[in-house]
Amino acid sequence: MSQKQDEENPAEETGEEKQDTQEKEGILPERAEEAKLKAKYPSLGQKPGGSDFLMKRLQKGVSIISYLLLLESKGILGMKSIEQKYFDSGDYNMAKAKMKNKQLPSTGPDKNLVTGDHIPTPQDLPQRKSSLVTSKLAG
Amino acid sequence: VAGAGGGGCPAGGNDFQWCFSQVKGAIDEDVAEADIISTVEFNYSGDLLATGDKGGRVVIFQREQENKSRPHSRGEYNVYSTFQSHEPEFDYLKSLEIEEKINKIRWLPQQNAAHFLLSTNDKTIKLWKISERDKRAEGYNLKDEDGRLRDPFRVTALRVPILKPMDLMVEASPRRIFANAHTYHINSISVNSDHETYLSADDLRINLWHLEITDRSFNIVDIKPANMEELTEVITAAEFHPHQCNVLVYSSSKGTVRLCDMRSSALCDRHSKFFEEPEDPSSRSFFSEIISSISDVKFSHSGRYMMTRDYLSVKVWDLNMESRPVETHQVHEYLRSKLCSLYENDCIFDKFECCWNGSDSAIMTGSYNNFFRMFDRNARRDVTLEASRENSKPRASLKPRKVCTGGKRKKDEISVDSLDFNKKILHTAWHPLENIIAVAATNNLYIFQDKIN
């Protein structure tokens with residue numbers, strides 16, 4: 001039973017071996033890839049982890065408007081990694097007004113999306129998925 | 001050693017000879033999002049195989065009994081039952097769409113003629129009962145054969161209803177609905193070895209349920225920081241120990257696994273064991289943390305080991321040793337030099353699952369281009385196989401595939417740049433006793449069997 005414990009065979013870790021070879025060549029493949037990414041997106045923050053990144057992950061499924069507001073408050077719109085601090089609510093509203101004039105990233109505003117002028121009713125919301133069909137695996 | 005009973009594993013070495021058995025699903029190029037398979041799971045006997053899809057539907061296949069008149073259909077899986085488990089919902093309070101996608105299915109051990117399984121989407125877990133009905137009562141006194149009520153005053157004689165056989169009908173009914181216990185998205189469910197409780201885990205919390213009680217759930221792990229700005233990691237998977245009902249593990253996005261013992265305290269925020277492989281600081285890059293994120297954790301059937309899947313490798317850990325894994329198997333190391341594009345197309349966030357065979361001598365996990373990888377732990381051999389309609393002649397042997405990383409490409413090899421990253425095998429399952437595997441390739445389910453079987 002204790003055999004397995006002794007068998008932490010480095011030969012298993014072929015990945016590390018390859019890495020060593022590449023290290024000898026002077027470039028770690030991961031570092032080369034990182035350089036490529038930073039060349040494309042110079043404003044990318046140091047660490048991909050951290051609360052901003054994870055918060056985005058946690059809020060999968062959130063509506064577009066509240067997601068953009070979150071990004072805004074974190075100062076991420078425009079790929080800024082510095083958090084913006086506001087003097088007061090007036091300052092915040094001024095900044096928000098400026099932001100709305102900038103181009104919004106990727107998904108444009110949905111025509112059906114209600115932005116808060118009135119209380120939404122189920123009819124106003126984006127079309128739900130149509131009637132459910134039997135799986136093709138069962139067909 | 002738990003797992004293979006009798007004739008499960010081939011004698012001598014584990015020289016698998018995988019052959020195509022069946023493929024389920026449509027052939028058309030245009031795959032509807034709803035048809036994408038999101039989970040695959042054999043039950044405890046291996047006679048039933050359940051799949052869940054993005055459309056919230058569950059399809060259960062049953063293995064055919066041996067039939068002398070149709071020998072070629074021995075061991076084939078055919079549709080047993082299908083039902084709509086979850087439907088799309090909208091949380092009006094938070095303006096959140098709740099997907100109907102089935103994230104996980106877990107079977108309960110069979111205790112009577114009916115079969116029970118748990119299925120979950122992002123927010124709600126349901127206990128389904130699947131039962132057979134092959135008899136019908138006839139000869140009621142107060143109803144006609146077509147169900148119309150008889151006038152009781154016209155009944156002049158009494159008769160005893162008799163049971164008559166009928167065509168087999170398989171019914172699925174939701175017996176329990178466990179809702180409103182998760183703020184974040186459920187990624188795992190796991191039935192406890194006590195067969196009475198189960199856990200459900202989301203990004204930040206793990207809850208303990210009793211199978212009979214739907215209005216109460218105990219929170220046993222909570223890693224939500226007081227200030228969300230301090231959030232550094234999330235829970236990615238969780239599982240109960242197969243034999244010790246007080247032990248559970250959960251993995252994180254930082255590549256660590258924590259083992260908790262529910263006997264030590266009601267809230268298991270303090271782990272009993274902490275599994276983390278030391279990282280070489282000189283090799284750290286922007287991608288290090290992302291690719292170390294564990295997408296799946298599975299105990300071995302024996303309960304002595306556990307396996308973790310991160311983006312590029314599968315690691316086997318001895319529960320008695322927290323400092324490093326006892327085995328590391330590279331799944332697709334050639335992707336390390338493609339991390340930039342994989343980050344851009346979001347593939348780096350794909351969550352691959354992994355599984356053990358019944359005797360814990362082999363492990364399997366998926367990759368891209370409809371490739372999947374199998375590692376024979378005893379023979380120290382690994383193989384890359386492909387789930388493809390081109391290899392779908394009955395009982396055709398699967399040919400090992402090879403990816404070439406650079407320079408000269410040999411015949412039959414495929415270059416890294418030709419891999420189709422849209423063809424991902426995220427979900428695979430291994431029959432608990434025999435060498436039969438189920439591989440989900442987008443909207444198709446492939447079943448392969450070992451020739452020696």
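What you are looking at is a predicted structure, and each value in this text was computed from that prediction instead of being measured.
Every residue meeting the side chain to side chain contact (heavy atoms under 4.5 Å, CB included) condition with B/D346, not counting sequence neighbours, appears here in chain and number order: B/F349.
At least one donor-acceptor pair closer than 3.5 Å links the side chain of B/Q84 to the backbone N or O of B/H86. Side chain of B/S38 to backbone of B/G52: a donor-acceptor contact under 3.5 angstrom is found.
A perpendicular orientation is assigned to the rings of B/W317 and B/F275, their planes being inclined by more than 60° (bins at 30° and 60°).
Only the backbone of B/E233 comes within less than 4.5 Å of a heavy atom of chain A; no side-chain atom from C-beta onward does. Contacts of B/N443 with chain A are made by backbone atoms alone, with heavy-atom separations under 4.5 Å and no side-chain atom involved. When heavy atoms are compared at a cutoff of 4.5 Å, B/F61 approaches chain A solely by way of its side chain, counted from C-beta outward. The part of B/I291 that comes within reach of chain A is its side chain, from C-beta onward, which places non-hydrogen atoms under 4.5 angstrom from that chain. Both the backbone and the side chain of B/S288 come within contact range of chain A, each with at least one heavy atom under 4.5 Å from a heavy atom of that chain. For B/L312, no part lies near chain A; criterion is any non-hydrogen pair under 4.5 Å.
Of the residues B/N121, B/D122, B/T39, the one that meets the side chain to side chain donor-acceptor pair (under 3.5 Å) test with B/N103 is B/D122.
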